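Take a look at the structure below.
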Number of protein chains: 2
Amino acid sequence: MSQPIHLKNAGLKSTLPRLKVLNLFENGDERHLSAEDVYKKLLGSGDDVGLATVYRVLTQFEQAGLLVRHHFEGDKSVFELNQGKHHDHIVCIQCDRVEEFYDATIESRQRKIAAERGFSVQDHSLNIYANCTKLKCPNKRI
Amino acid sequence: MSQPIHLKNAGLKSTLPRLKVLNLFENGDERHLSAEDVYKKLLGSGDDVGLATVYRVLTQFEQAGLLVRHHFEGDKSVFELNQGKHHDHIVCIQCDRVEEFYDATIESRQRKIAAERGFSVQDHSLNIYANCTKLKCPNKRI
DNA sequence: ATAGGAATGATTATCATTATCGTATATGTT
DNA sequence: AACATATACGATAATGATAATCATTCCTAT
């Protein structure tokens, strides 16, 4: 558990919709959520927010550094709490579950490769799309 | 230079629009093209194809294994000739130029990491977003 | 050359996301 | 606590990339 996030500190007014969205990421059961995921979860728990607000808030949270945006395969963005530690992702192509990993060797080789070619790395994304072998997938979409 | 591709062998009728699109990838100056890139290049060279056809043909070529689709940052798909050799990409965030690289160490560590977690890798994408340091960027969009 | 199915292209539809705009609300100041 | 005001909200329209529709045109085997 990390410290609870205070919207004020992020330069954002503390409004109901924002608190609800933030709460989903801090206390929800899934770390990785799309805009529609967030919207549906809020509606499902009786919280009446607009879809436009969800998109707006997610983008603001991203800009404020509270959330990180990912582009996995498919057309929609997925967000997760920014916990400061960069990591990459394994995405199950059966159930869309996302697992995180970090590998120092991969990280350093990326920097080395970029440097050798005259680039300075600003950002990078590594996504592994895979099937669970041991694990039981709850099959397609949660 | 690889062997020229014959549409027939890929199970596709040999039509003018398809030949023109294929030609762009085989003989054009840029390996990585979006649907709109292709559309504009064809219009620019006096070839009158429909945008719908471009999208259709790109998807068919991808399914036939002639092209590979990539999702770099941003909302549009980018395609390149499938030359059989998997590789990852460095994308210049100033000029969108794309450079390819392959690193056996990174590849094997990915497989190892996935296996340790009970996944069998189906696919993966590694994109490094960077600035040219030595190279002169022709600045934003070609 | 012909027939018939597949391909084309103009257009419409779709899906995720963003912009608009009138109304509602949070917060610093009385 | 009530106010004033900038800001946020939410319904809806707009956008941009891509897919679907469908009448017309074009390959290819006969």
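The structure displayed is predicted, hence computed values, not measured ones.
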Please determine whether a side-chain nitrogen or oxygen atom of A:Ser77 lies at a distance below 4.0 Å from atom OP1 or OP2 of C:dT17. yes
So does B:Tyr55 get a side-chain nitrogen or oxygen closer than 4.0 Å to the phosphate oxygens (OP1/OP2) of D:dT18? yes
Residue that, paired with A:Leu42, satisfies side-chain contact (heavy atoms from CB on, under 4.5 Å) out of A:Leu51, A:Val21, A:Asn23: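 Looking at A:Leu51, A:Val21, A:Asn23, the match for A:Leu42 under the side-chain contact (heavy atoms from CB on, under 4.5 Å) is A:Val21.
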Intermediate values then yes/no, side chain to side chain contact (heavy atoms under 4.5 Å, CB included), B:Tyr55 and B:Val38: CA-CA 9 Å; B:Tyr55 274 102; B:Val38 170; over 6 Å; no
Rounded to the nearest Å, what distance is computed from the [atom1] atom of residue [X] to the [atom2] atom of nucleotide [N]?
{"X": "A:His6", "N": "C:dT27", "atom1": "NE2", "atom2": "C1'", "value": "18 Å"}
{"X": "A:Leu19", "N": "C:dT27", "atom1": "CG", "atom2": "C1'", "value": "14 Å"}
{"X": "A:Lys20", "N": "C:dA26", "atom1": "NZ", "atom2": "P", "value": "11 Å"}
{"X": "A:Leu7", "N": "D:dC9", "atom1": "CG", "atom2": "C1'", "value": "15 Å"}
{"X": "A:Lys8", "N": "D:dT7", "atom1": "NZ", "atom2": "P", "value": "15 Å"}
{"X": "A:Leu58", "N": "C:dA16", "atom1": "CG", "atom2": "P", "value": "14 Å"}

Residues A:Glu30, A:Lys41; criterion salt bridge (charged side-chain N to carboxylate O under 4.0 Å, His left out); working and verdict: CA-CA 11 Å; A:Glu30 293 167 57; A:Lys41 274 179 182 283; 3.4 Å; yes
Sidechain N-carboxylate O distance under 4.0 Å for B:Arg31, B:Glu100: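 Yes, this pair counts.
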Within residues 84-118 of chain A or reaching into it, pairs that qualify as ring-ring contact (aromatic ring centres under 6.0 Å, His included) - sequence neighbours excluded: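 Only A:His32-A:His89, A:His70-A:His89, A:Phe72-A:His89, A:His86-A:His124, A:His87-A:His89 qualify under ring-ring contact (aromatic ring centres under 6.0 Å, His included).
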Quick note, A:Lys76 side chain, CB onward, closest among D:dT28, C:dA16, D:dA19 is C:dA16
Set out, line by line, the N/O atom pairs under 3.5 Å between protein and nucleotides 1-11 of chain C.
residue : atom : partner : partner atom : Å
C:dG5   : N2   : B:Lys13 : NZ           : 3.4
C:dA6   : O4'  : B:Lys13 : NZ           : 3.4
C:dA7   : OP1  : B:Arg18 : NH1          : 3.4
C:dA7   : OP1  : B:Arg18 : NH2          : 3.0
C:dT8   : OP1  : B:Thr15 : OG1          : 2.7
C:dG9   : OP1  : B:Asp48 : O            : 3.2
C:dG9   : OP2  : B:Gly50 : N            : 3.2
C:dG9   : OP2  : B:Thr53 : OG1          : 2.8
C:dG9   : N7   : B:Arg56 : NH2          : 2.5
C:dG9   : O6   : B:Arg56 : NH2          : 3.1

Rounded to the nearest 0.5 Å, what's the gap from CG on B:Asp47 to CG on B:Leu16? Could you check?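 One finds 8.5 Å between CG of B:Asp47 and CG of B:Leu16.
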